[in-house]
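Below: one structure, written as structure tokens.
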Protein chains: 2
Amino acid sequence: MTGIHEVATRAGVSTATVSRVLSGRGTVAPATRERVQLAVAELGYVVSSNASSLATGRTRNVGVVVPFLDRWYFTSVVEGAQAALQRHGFDLTLYNLRGGGRAGVFDHFLHRKRVDAVVAIALELSTGEIQRLLDMNKPIVGVGGPLPGVRTLSIDDIEVGRLATEHLLSLGHRAIGHIGGDPESETDFHVPSYRRTGYQLALEAAGVPIDPALDLNADFTIQGGYAAARRLLSTPVRPSAIFAASDEMAIGAILAARDLGLRLPDELAVIGVDDHPLAAFFGLSTVAQHPAEQGAQAVEILIEELLRTGDEPSAFDTPIEFRLIVRESTARLPSL
Amino acid sequence: MTGIHEVATRAGVSTATVSRVLSGRGTVAPATRERVQLAVAELGYVVSSNASSLATGRTRNVGVVVPFLDRWYFTSVVEGAQAALQRHGFDLTLYNLRGGGRAGVFDHFLHRKRVDAVVAIALELSTGEIQRLLDMNKPIVGVGGPLPGVRTLSIDDIEVGRLATEHLLSLGHRAIGHIGGDPESETDFHVPSYRRTGYQLALEAAGVPIDPALDLNADFTIQGGYAAARRLLSTPVRPSAIFAASDEMAIGAILAARDLGLRLPDELAVIGVDDHPLAAFFGLSTVAQHPAEQGAQAVEILIEELLRTGDEPSAFDTPIEFRLIVRESTARLPSL
DNA sequence: CTGAAAGCGCTTACAG
DNA sequence: CTGAAAGCGCTTACAG
């Protein structure tokens with residue numbers, strides 16, 4: 001374990017100078033700098049992050065908190081954030097709330113001063129949780145929904161639901177089914193509820209009565225979407241189109257339609273949300289969100305916030321882009 | 001930012017005593033202990049991990065290195081490891097090699113003394129990488145393949161391939177196709193190659209000639225499996241069964257069979273590897289591995305190793321369990 | 001441009 | 001059972 005001392009000795013300077021060279025702060029004569037850099041390289045010296053963090057109060061580490069990891073959206077946000085952090089020389093410490101103990105994570109793990117900042121993904125932090133984080137002077141960025149008093153990046157899920165539904169309406173569909181999220185799969189931000197609201201608003205605006213029989217819940221998986229779609233497609237008033245609140249559920253619906261011998265898009269149109277990697281494969285029309293970019297964007301905001309020392313943290317919401325992608329799963333309702 | 005000093009003052013003791021109470025090391029009179037605990041609770045004090053780590057040389061943080069995150073296997077291992085670490089009060093710092101800069105990760109990130117130990121998932125570390133890690137006295141556990149000089153948990157992919165193929169052989173199949181991994185999706189451990197070897201060994205043992213036309217590559221995704229299966233099923237010598245090196249590719253094969261109007265399992269039997277969450281939904285027979293448990297097991301080994309101070313690190317391979325699960329996608333070859 | 005020294009917030013022999 | 005003090009390995013005013 002080479003320490004800064006050995007480097008200093010080898011380069012014939014003080015540890016202070018080594019530190020200056022390594023951090024880039026302060027002035028060092030070019031010749032000195034080179035001697036130090038040589039010594040560092042020869043010894044393979046790497047600064048101890050603990051000692052450095054203790055002295056500076058900065059860890060160059062960001063905590064990323066997710067409710068769970070095994071959904072495409074979360075994995076993608078984390079990968080995007082990770083790549084961005086790495087570019088900036090930051091580490092990423094991952095907190096997964098599913099492991100149990102949300103309280104533990106917030107009261108303990110995050111307070112150890114191991115992180116400079118936190119990215120909270122699809123998490124509705126309580127006032128207390130936010131307050132504790134802010135008290136510690138740690139920038140927070142929330143991804144996935146607005147958070148009072150916190151800088152956030154969020155998608156307008158009502159508009160997402162409306163956009164998807166309006167697409168179906170514009171194609172002439174009137175009997176439009178919906179597969180939303182069940183209560184268990186609600187994230188903190190009630191994403192499914194908002195998408196459902198958008199669906200209902202679009203129908204209302206088009207003068208289409210809302211039929212509760214056409215609105216079912218599932219668990220955001222292909223399996224769940226399949227089961228819901230089978231029920232939806234077995235009713236006497238079979239819908240001509242389905243809007244599913246996620247691509248995976250939409251894919252389940254496509255598989256259900258196939259099993260029932262229904263041809264897409266003529267006998268059933270389907271649209272999802274996400275632009276999941278499988279969406280193109282299934283020819284699925286969807287409202288694309290770009291989770292990896294959301295993660296990267298959250299990190300950029302955080303880094304900026306960390307550099308802007310002193311100021312009050314910003315606390316507004318930045319809307320995330322989304323975009324309709326039309327593929328083969330949706331088409332104009334065939335005139336009968 | 002309450003420090004240990006404030007706690008000590010409030011409890012009317014020295015910081016040494018507070019430290020003893022918090023760490024559980026050393027003896028403290030019960031009454032004193034209670035006073036300290038009360039002060040800690042009242043102030044919401046949490047030990048600074050940097051200061052503590054600097055003083056003890058222990059970080060209570062484990063680095064987990066993955067080649068990428070967006071495959072079910074990796075996500076599951078990470079979730080399993082995370083949950084186990086959290087139970088032990090450890091944090092998890094995630095390093096993703098896809099972000100670029102494998103060198104950076106090993107030469108720099110891991111050397112900052114930010115982690116006590118590392119879990120390397122499906123990574124074939126070079127001798128140099130291993131040496132540097134061992135030089136730092138950090139236990140390493142590799143998951144997914146054997147690593148010279150390192151404690152590992154690994155699955156015998158040759159046996160996995162053999163088991164899957166033997167299952168098909170035992171059902172009377174002789175024209176057995178294979179969908180393996182293409183070079184790009186080879187992890188460091190050449191998992192696909194080994195599974196292919198097992199496939200070939202099983203065929204040879206059964207006296208079935210190996211037909212290269214029945215052996216294709218794909219990229220471990222549903223899409224890739226679909227494309228490969230379509231080619232496989234369009235040959236004059238259409239196989240009666242397919243062994244795919246992952247469930248996702250196997251699912252692609254099932255979808256391809258459906259599109260071609262082939263009924264499973266009578267007109268085509270399919271088996272995969274993983275026991276992916278979608279396997280049951282598709283009625284897919286498979287060789288199950290249990291990635292979340294692999295992650296958890298790796299952590300348990302690491303923690304044990306961290307407690308066993310002084311000793312030489314252990315450096316052997318523990319085979320990971322796998323198991324044949326028969327579902328509806330495989331059945332006895334119908335006698336013609 | 002550079003060094004001596006204090007300090008970051010803990011832990012742990014050591015002494016009592 | 002408990003406290004005073006040294007030390008973990010850096011960084012950074014301060015002085016020169």
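Every chain is numbered from 1 and lettered A, B, ... according to where its sequence line falls, protein lines coming before strand lines.
- In terms of phosphate contacts, B/Thr27 brings a side-chain nitrogen or oxygen within less than 4.0 Å of OP1 or OP2 of D/dC1.
- A straight line from CG of B/Asn50 to P of D/dC10 spans 13 Å, rounded to a whole angstrom.
- Annotation: D/dG16 and D/dT12 have their C1' atoms spaced 16 Å apart (nearest Å).
- With hydrogens and angles disregarded, no donor-acceptor distance shorter than 3.5 Å links the side chain of A/Ser52 to the backbone of A/Ser48.
- Residue contacts shown for A/Thr32 are limited to sugar-phosphate atoms, with no base heavy atom under 4.0 Å away.
- Side-chain nitrogen and oxygen atoms of B/Ser48 include none within less than 4.0 Å of the OP1 or OP2 phosphate oxygen of C/dG9.
- Protein atom CD1 of A/Ile4 is 19 Å distant from nucleotide atom P of C/dG7, rounded to whole Å.
- The phosphate of C/dG3 has OP1 or OP2 within less than 4.0 Å of a side-chain N or O from A/Thr17.
- At a cut-off of 3.5 Å, with distance as the only test, no side-chain donor of A/Arg25 or A/Ser19 sits close to an acceptor on the other residue.
- When each of B/Val119, B/Val66, B/Val64 is tested with B/Val143 by the rule side-chain contact (heavy atoms from CB on, under 4.5 Å), just one qualifies, namely B/Val119.
- One finds no side-chain N or O of B/Arg20 lying less than 4.0 angstrom from the OP1 or OP2 phosphate oxygen of D/dC1.
- With C/dG9, C/dC10, D/dT11 as the choices, the nucleotide that has an atom nearest any side-chain atom of B/Leu54 turns out to be C/dG9.
- Atom P of nucleotide C/dA13 and atom CZ of B/Arg25 are separated by 10 Å, given to the nearest angstrom.
- Across all their heavy atoms, B/Leu85 and B/Asp91 have their closest contact at CD1-O, 4.1 Å.
- Closest to the side chain of A/Val28, from the set C/dT11, C/dT2, C/dG3, is C/dT2.
- Using a 4.0 Å heavy-atom cutoff across all strands shown, B/Ala29 reaches sugar-phosphate atoms only and no base atom.
- Looking at B/Asp70 and A/Thr75, their side chains never bring a donor and an acceptor atom within 3.5 Å of each other.
- As judged by a 4.0 angstrom heavy-atom cut-off over every strand, A/Ser52 is placed among residues touching the sugar-phosphate backbone only.
- Of the candidates D/dT11, C/dC10, D/dG3, the closest approach to any side-chain atom of B/Ala51 belongs to C/dC10.
- At least one side-chain nitrogen or oxygen of B/Tyr45 sits closer than 4.0 Å to the OP1 or OP2 atom of C/dC10.
- Across all strands, B/Thr56 comes closer than 4.0 Å only to sugar-phosphate atoms, never to a base (heavy-atom distances).
- Computed from coordinates, the B/Arg58 CZ to D/dG7 C1' distance equals 18 Å when rounded to whole Å.
- C/dC10 atom C1' lies 11 Å from atom CG of B/Leu22, rounded to whole Å.
- The nucleotide whose nearest atom lies closest to any side-chain atom of A/Ala16 is, among D/dC1, C/dG3, D/dA4, C/dG3.
- Pairing of C/dT2, defined by two Watson-Crick or G-U wobble distances under 3.5 Å, is identified with D/dA15.
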